[in-house]
Amino acid sequence: MNVSTKNPTQTKSWKALEEHFNTIKDVEMSTLFSKDSDRAHKFTITWEDFYVDYSKNRITEETMQLLLDLANELKLKEAIEAYFSGEPINETENRAVLHTALRANVNDAVFVKGKNVIPEINQVKEKIKNFTQLIVNGEQKGFTGKGFTDVVNIGVGGSDLGPAMVVDSLRFYKNHLNAHFISNIDGDHISETLAQLNPETTLFVIVSKTFSTQETLANANTVKEWFLKTGTQKDIEKHFVAVSSNVKKVKAFGILEDNIFAMWNWVGGRFSLWSAVGLTISLSLGFSNFESLLKGANKMDTHFKTESFKTNIPVVLALLSVWYNNFFKSETEAVIAYSQYLNKLTSYLQQGVMESNGKSVDRNGVPVNYQTGTIVWGETGTNSQHAFFQLIHQGTKLIPVDFIGFAQSLHGNQAHHDKLISNYVAQTEAFLHGKKREEVRSDLVAKNNTQETVDRILPFKVFEGNKPTNSIFINKLTPESLGELLAMYEHKIFVQGIIWNIYSYDQYGVELGKQLANTILSEIKEEKTSVHDASTNNLLAHYKSIK
Ligand code: F6P
């Protein structure tokens, strides 16, 4: 297969980057700006309605060239080709990774094991479209003849986070259907949601690729019991649909085969919102908005596939992240969206980034001797400014930040929007320049402080600055631009997996907890006993004594 298995640290470009790092690690970005009046322009990519300014990073043209050399040396181009053409790049599960095919054009051809998958993708999309119309237009009704008012998505992980984030992010474009998401096995979560619903007018979408996830099945069964208090077994066919690749298990649950929306094993859970997993998105926003979301992602796919690496947004962002992770030894990166609509973006990205690249064994099965997956976190601006920005500004850790903002607000409250964006811009400026000793001193002196106060207070008021940021500025939050943004991060994850020589598309790390939970449950139910450590024994005994 066309994916390199080289240890990145053994490449010529990595060694060159190490040497280069020693010369640049203490350089002030503000000095680089004053030396080069063209710097901002050189390190800005404009594409479609995206304006990506990465000039506020601790880089020079040489840094970028060496990072691009690294990508070339590790055969990134060939890897992208393998990714898009359906090669089984998820080797540990012997699967292709084709969420990109889900948003390909209807006439494209993408082959998995010799079979073009586009016709079946088109078929499922047609089914989503027809079903959405029936429900949204009120042609398909509930068991008492009333139109649907609410949709409940029951799923967890990738079968929840993507649809929940998109529905919330694009709520400006929603129709009359109210979407709800039940994911947690926590019975209080499901009880709170059901308390708001009327079974006669609620549609349940059970989303589980495997249809064997404990949380989803438990929640689906509880919902079914709740529904059957009012409706009959026969009425289930009007109120329950499923998205899954496991037809047998869905039918055993009691859902009609006609009510199953297919998905395939070459779509990873955390990249599945573009498939029928996005059914709730289509229901809540309408099919044409769902299509626009896919169209945006497809545009970013084309950009990623065809653009030269130097001006390729996902490639550049991925390489910058490698630069901080592996050379500056940053452990985390923050994503701050200056839009309340993108409130759920970070939780969504956490699964994408950390489930994919949280790996410590390379593609040869050998433990890595370098850092891999970054920790991603964040909140919306300006809320985050009043919470954790203190640590980014004046703490001991170097935390690169992605600033995401939109030039236009959706409701058109310009005065608020100007304030919002001025905070966005001001923060990136503050991270760049900080506030130097002399500036702090003259401020304190101007406020008539005594010399003694000035000397004592001064160190606490200094901001070192030199904190890296990427400014991702988009014209407007639309289904299309959100699709572009999400695909941008998906490809960033891919590039980093290639550089780090790890398999980004399996998730064995979450399996152990699932197995152990089942063992512990049988013990709570007193069906069997197992041997544990003393701490686990005590926890179990404590729970059983007071539950
Ligand atoms: O938590 C691990 C995981 O396998 C995710 O990758 C996936 O999105 C989620 O569980 C849900 O799985 P399923 O769709 O099969 O219920």
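Read the numbers this way: they start at 1 and go in the same order the structure lists the ligands and their atoms.
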S.K.: Salt bridge (charged side-chain N to carboxylate O under 4.0 Å, His left out): which pairs involve residues 509-526, sequence neighbours left out?
M.R.: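 Passing the test, one end in residues 509-526: K525-E527, E526-K544.
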
S.K.: Quick check: closest heavy atoms across V117 and A101, and the distance to 0.1 Å?
M.R.: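 Nearest heavy atoms, V117 then A101: CG2-CB, 4.4 Å.
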
S.K.: Just one of H491, K305, E78 clears the side chain to side chain donor-acceptor pair (under 3.5 Å) bar with Y83, so which one?
M.R.: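 So the option named by the test is H491.
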
S.K.: Taking only residues two or more places apart in sequence or in another chain, which ones pass side chain to side chain donor-acceptor pair (under 3.5 Å) with N178?
M.R.: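 By the side chain to side chain donor-acceptor pair (under 3.5 Å) rule, N178 matches K174.
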
S.K.: For E48, is there an ion pair with K299 - N to carboxylate O distance below 4.0 angstrom?
M.R.: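 Yes, K299 and E48 are salt-bridged.
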
S.K.: At a heavy-atom distance under 4.0 Å, which protein residues reach ligand 1? Sort them by chain and number, would you?
M.R.: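 Around ligand 1, where the cutoff is 4.0 Å for heavy atoms, the contacting residues are V156, G157, G158, S159, S208, K209, T210, T213, G269, Q351, E355, Q507, V510, K514.
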
S.K.: Sort and list the pairs that fulfil ring-ring contact (aromatic ring centres under 6.0 Å, His included) and have at least one residue in residues 255-288, not counting sequence neighbours.
M.R.: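 Sorted pair list: H99-F271, F131-F261, W264-W266, F271-Y505.
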
